[in-house]
**Student:** 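Mind having a look at this structure? Questions to follow.
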Protein chains: 2
Amino acid sequence: MMKLNQSLLCPKFEKAMQILSKRWTGLIIYQLLSGPQRFCAIESALPISGRLLSERLKDLEQEGIVNRQIYPEVPVRIEYSLTKKGLALEPMLREIEKWSQTWVQIEEGL
Amino acid sequence: MMKLNQSLLCPKFEKAMQILSKRWTGLIIYQLLSGPQRFCAIESALPISGRLLSERLKDLEQEGIVNRQIYPEVPVRIEYSLTKKGLALEPMLREIEKWSQTWVQIEEGL
DNA sequence: TTAGTTAATTACATTTCGTAAGTTAGTATA
DNA sequence: TATACTAACTTACGAAATGTAATTAACTAA
């Protein structure tokens, strides 16, 4: 039988979750909380590949969460930063930070 | 050249993001904030398929975020609920809720 | 000329996801 | 007795997302 999708879920909340639950999105925004930075800086701060970082930054720019600023120097410098919309995610990320310190266990050694 | 992964990322935070940025994880926990409920209730509240819901609930149980309670009635009733660790995620989800109301636009029509 | 840089893009194999159908165990209906 | 229905899964399989590595463009430096 077909599933009629009559979820009572708020569309704005659903959209937010769609963006934020994509792999790497949260970590990229978290990284940018420490200030505007270049592609290679984000790449070396996170265990993400260039291919996906490029893709995610494009998505986040589309969503108005990240700003891409080109400085036409030699060689060209491109800096990524958070927009107001992106900065507004800081409280959420701080909550995850708090939760992780209290509840997440890391198993050491082997 | 090989990428040496010397990320200064806190392992607990990274682990938290790994769990929470999996597709559907956040929405399932959000749904369970409204109280213990059965598989089919979650399934019809969210646009998720049975296959993935089953998989995610198993993951979340493993992580100690969700509890699976069997009531040996006829027919058997199985209820999923949040553990303390899971309930502790409420503030984070409320922040996403707030953010989505302020910043997310939904385009209507076509 | 060769090598190195940044910010990507492309190719390709692996993993995850979505859709649909099937399973198990029991109840209800004709 | 046969058929249909329910809950909670599981299986099969094609499609989409991801990870790894190589390549590109435009420029500098040795």
Side-chain angles (χ1 to χ4, degrees), chain A residues 1-7 9 14-15 17-29 31-32 35-63 66-81, chain B residues 1-7 9 14-15 17-29 31-32 35-63 66-81:
Chain A
M1 213 254 274
M2 201 192 75
K3 179 177 181 182
L4 19 143
N5 185 359
Q6 48 152 354
S7 72
L9 214 52
E14 196 178 348
K15 179 78 191 299
M17 292 302 281
Q18 203 177 92
I19 298 168
L20 298 173
S21 75
K22 262 199 162 178
R23 200 165 295 177
W24 302 114
T25 299
L27 282 175
I28 292 169
I29 296 169
Q31 181 61 28
L32 287 175
Q37 52 206 286
R38 309 175 68 164
F39 189 93
C40 61
I42 307 172
E43 195 180 10
S44 54
L46 304 176
I48 189 180
S49 68
R51 178 175 138 350
L52 277 191
L53 180 54
S54 175
E55 199 172 298
R56 282 300 177 277
L57 286 170
K58 233 176 275 175
D59 294 346
L60 289 171
E61 209 191 335
Q62 284 262 309
E63 294 293 345
V66 160
N67 191 258
R68 183 179 193 265
Q69 176 75 259
I70 306 177
Y71 296 92
E73 301 169 356
V74 167
V76 70
R77 181 162 57 99
I78 294 171
E79 275 195 352
Y80 295 90
S81 57
Chain B
M1 215 255 272
M2 203 192 73
K3 180 177 181 182
L4 19 144
N5 187 0
Q6 48 152 355
S7 72
L9 214 52
E14 195 179 350
K15 179 80 192 300
M17 291 303 280
Q18 203 177 91
I19 298 167
L20 299 173
S21 75
K22 261 199 164 181
R23 201 166 294 177
W24 303 114
T25 299
L27 282 175
I28 292 169
I29 296 169
Q31 180 62 27
L32 288 175
Q37 51 206 286
R38 309 174 68 165
F39 189 94
C40 62
I42 307 173
E43 194 180 9
S44 55
L46 302 176
I48 189 180
S49 70
R51 177 175 136 355
L52 278 190
L53 180 55
S54 175
E55 199 172 298
R56 282 299 177 275
L57 286 170
K58 233 174 274 174
D59 295 346
L60 289 171
E61 209 192 336
Q62 284 263 309
E63 294 295 344
V66 159
N67 191 260
R68 183 177 192 267
Q69 176 74 259
I70 305 178
Y71 296 92
E73 302 168 358
V74 167
V76 69
R77 183 163 55 100
I78 295 171
E79 276 195 351
Y80 295 90
S81 57

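No hydrogens, no waters, no symmetry mates; every other heavy atom, side chains included, goes into these values. Naming convention: chains lettered A, B, ... in sequence-line order (proteins, then strands); numbering from 1 in each chain.
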**Student:** Report the nucleotide, chosen from D/dT18, C/dT19, D/dA8, that has the shortest atom-to-atom distance to any side-chain atom of B/Arg51.
**Tutor:**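 Nearest nucleotide to the side chain: C/dT19.
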
**Student:** Could you check A/Ala41 against A/Arg23 and say which one's nearest nucleotide on DNA chain C is further toward the 5' end?
**Tutor:**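 This one resolves to A/Ala41.
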
**Student:** How long is the span from the CD1 atom in B/Ile48 to the CG atom in B/Leu57, to the nearest 0.5 Å?
**Tutor:**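 Going from CD1 on B/Ile48 over to CG on B/Leu57, the span is 7.5 Å.
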
**Student:** At less than 4.0 Å, is any side-chain N or O atom of B/Tyr80 found next to OP1 or OP2 of D/dC9? Yes or no.
**Tutor:**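 Yes, because at least one side-chain N or O of B/Tyr80 sits under 4.0 Å from OP1 or OP2 of D/dC9.
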
**Student:** Could you tell me whether the side chain of A/Asp59 reaches within less than 4.5 Å of the side chain of A/Arg56, counting heavy atoms only?
**Tutor:**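 They are in side-chain contact.
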
**Student:** For a 4.5 angstrom cut-off between non-hydrogen side-chain atoms, does B/Phe39 reach B/Ile78?
**Tutor:**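 No, every pair of side-chain atoms sits at 4.5 Å or beyond.
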
**Student:** Once you round it to whole Å, what is the distance between P of D/dT20 and CG of A/Leu53?
**Tutor:**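 Computing the A/Leu53:CG to D/dT20:P distance gives 14 Å.
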
**Student:** Let me know the distance between CD of B/Glu55 and C1' of D/dT11, rounded to the nearest Å.
**Tutor:**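 Between C1' of D/dT11 and CD of B/Glu55: 12 Å.
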
**Student:** Rounded to whole Å, please give me the gap between CG in A/Leu27 and P in D/dT18.
**Tutor:**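 Going from CG in A/Leu27 over to P in D/dT18 covers 13 Å.
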
**Student:** Between D/dA17 atom P and A/Ile48 atom CD1, what is the distance in whole Å?
**Tutor:**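 Rounded to the whole Å, the gap is 15 Å.
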
**Student:** Could you check B/Ser54 against B/Arg38 and say which one's nearest nucleotide on DNA chain D is further toward the 5' end?
**Tutor:**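 So the residue in question is B/Arg38.
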
**Student:** Taking all non-hydrogen atoms of both residues into account, name the closest pair between B/Ser49 and B/Glu43 and its distance.
**Tutor:**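 That closest heavy-atom pairing would be C-OE2, 4.2 Å.
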
**Student:** In this structure, how many angstroms lie between the P atom of C/dA7 and the CG atom of A/Leu57, rounded?
**Tutor:**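 Value for this atom pair: 11 Å.
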
**Student:** Please determine whether a side-chain nitrogen or oxygen atom of B/Ser49 lies at a distance below 4.0 Å from atom OP1 or OP2 of C/dA20.
**Tutor:**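 No, outside the criterion.
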
**Student:** Does a nitrogen or oxygen in the side chain of A/Arg68 sit under 4.0 Å from OP1 or OP2 of C/dA8?
**Tutor:**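 Yes.
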
**Student:** I'd like to know if B/Glu63 and B/Lys15 make a salt bridge, using a cut-off of under 4.0 Å between side-chain N and carboxylate O.
**Tutor:**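 Yes, this pair counts.
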
**Student:** Looking at A/Arg56, does any N or O in its side chain come under 4.0 Å of the phosphate oxygens OP1/OP2 on D/dT18?
**Tutor:**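 For D/dT18, OP1 or OP2 has a side-chain N or O of A/Arg56 closer than 4.0 Å.
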
**Student:** From CG of A/Leu52 over to P of D/dA21, roughly how many Å is that when rounded to an integer?
**Tutor:**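 After rounding, the reported distance stands at 14 Å.
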
**Student:** Has A/Trp24 got a side-chain N or O lying under 4.0 Å from the OP1 or OP2 atom of D/dG19?
**Tutor:**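 The answer is yes; a side-chain N or O of A/Trp24 sits under 4.0 Å from OP1 or OP2.
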
**Student:** Write down the distance between CD (B/Gln18) and P (D/dG19), rounded to a whole number of angstrom.
**Tutor:**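 Result: 10 Å.
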
**Student:** Quick one: is D/dA16 close enough that its OP1 or OP2 comes under 4.0 Å of any side-chain N or O from A/Lys22?
**Tutor:**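 So the side chain of A/Lys22 is outside the cut-off, no N or O lying under 4.0 Å from OP1 or OP2 of D/dA16.
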
**Student:** Give the rounded distance in Å between these two atoms: CD1 of B/Ile28 and C1' of C/dC17.
**Tutor:**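 The distance from CD1 of B/Ile28 to C1' of C/dC17 comes to 13 Å, rounded to the nearest Å.
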
